[in-house]
Amino acid sequence: MWIVWLLACAGSADDDSAVADACADVPVVTWETFGAGFLRENCQSCHASTQVDREGAPTEVTFDTAADAWVWKDRILARAAAEAPTMPPLAGTTAEDRERLAWWFACAEEGT
C-alpha cells in the first residue's frame, strides 16, 4: 500500500530517489488541490487559530496555512494517515484521503 511505503521512506536521505520514482506515478497533490480542503474538513474544527472551542487541542498546533501543516507534517502523518488513524477523533477519513495525505507530504515541494 502506498501509504505505508511512503511513510516509511519519506524524509530518509537514502530513499530520496525511490520516493521520487514513486511520486512520479501518483497524482499531483498540493495545498491547493488537496491539503487545504482536507485540513479544513477534518482538522480545523479543533486546529484553526480562530477556533474558540479547540476540544483540548494545543493552541500552538494550528493548520491555517500550508506552512503550518508542514511544521506538523510528521505528527499529522502519524495521527491522520496511519492504517488506523487516531485523528480526527470523531469522524474517520477514507483510505483514499489518507493515501492522498501521505502523497502530499511525501511528494509535494515543502510548503505547497
Side-chain angles (χ1 to χ4, degrees):
M1 174 172 241
W2 280 102
I3 295 172
V4 174
W5 188 85
L6 284 173
L7 291 177
C9 294
S12 171
D14 294 337
D15 293 316
D16 283 348
S17 63
V19 171
D21 290 345
C23 289
D25 294 331
V26 301
V28 174
V29 182
T30 66
W31 173 257
E32 289 81 22
T33 64
F34 175 75
F38 178 88
L39 293 174
R40 181 178 51 253
E41 295 202 14
N42 296 289
C43 308
Q44 287 187 335
S45 62
C46 298
H47 292 285
S49 62
T50 58
Q51 186 64 23
V52 176
D53 183 5
R54 296 176 57 92
E55 299 290 335
T59 56
E60 70 277 8
V61 181
T62 61
F63 307 140
D64 296 340
T65 67
D68 292 340
W70 279 81
V71 167
W72 296 101
K73 168 182 100 164
D74 293 336
R75 194 79 176 129
I76 292 169
L77 287 171
R79 300 288 306 269
E83 288 291 323
T86 57
M87 288 288 168
L90 298 178
T93 54
T94 66
E96 183 178 81
D97 277 349
R98 291 191 303 275
E99 191 167 48
R100 285 186 187 136
L101 185 63
W103 290 341
W104 175 35
F105 286 125
C107 300
E109 183 178 329
E110 185 168 340
T112 64

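In what follows, every heavy atom counts, from backbone to side chain, and hydrogens, waters and symmetry copies are set aside.
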Which heavy atom of A66 sits nearest to which heavy atom of G111, and what is that distance? CB-O, 3.2 Å
Drop me the distance from T112's OG1 to E110's CD, to the nearest 0.5 angstrom. 9.0 Å
Candidates D64, T59, T62 - the one meeting side-chain hydrogen bond (donor to acceptor under 3.5 Å, both in side chains) with S49: D64
Mind checking what makes salt bridge (charged side-chain N to carboxylate O under 4.0 Å, His left out) contact with E60, not counting sequence neighbours? none
Between R98 (side chain only) and T93 (backbone N and O only), is there a donor and an acceptor less than 3.5 Å apart? yes
Using only atom types and a distance under 3.5 Å, with no angle test, would you say the side chain of R100 pairs donor to acceptor with the backbone of G35? no
Kindly give the heavy-atom pair with the smallest separation between C23 and A106, and that separation in Å. SG-O, 3.8 Å
So which atom in C46 and which in A57 form the shortest heavy-atom distance, rounded to 0.1 Å? O-CB, 3.6 Å
Counting C-beta onward and ignoring hydrogens, is there a side-chain heavy-atom pair between M87 and P89 closer than 4.5 Å? yes
Pairwise distance OG1(T33) to CH2(W103) - rounded to 0.5 angstrom: 11.0 Å
Quick one: sort the W104 and W31 rings into parallel, tilted or perpendicular, breaks at 30° and 60°. tilted
Distance (rounded to the nearest 0.5 Å) between W72 CH2 and I76 CD1: 9.0 Å
Under 4.5 Å between any side-chain heavy atoms of T65 and D68, yes or no? yes
Gap separating the CG atom of L39 from the CZ atom of F34, nearest 0.5 angstrom: 7.5 Å
So, for C43 and F63, which heavy atoms are closest and what is the spacing to 0.1 Å? CB-CD1, 3.7 Å
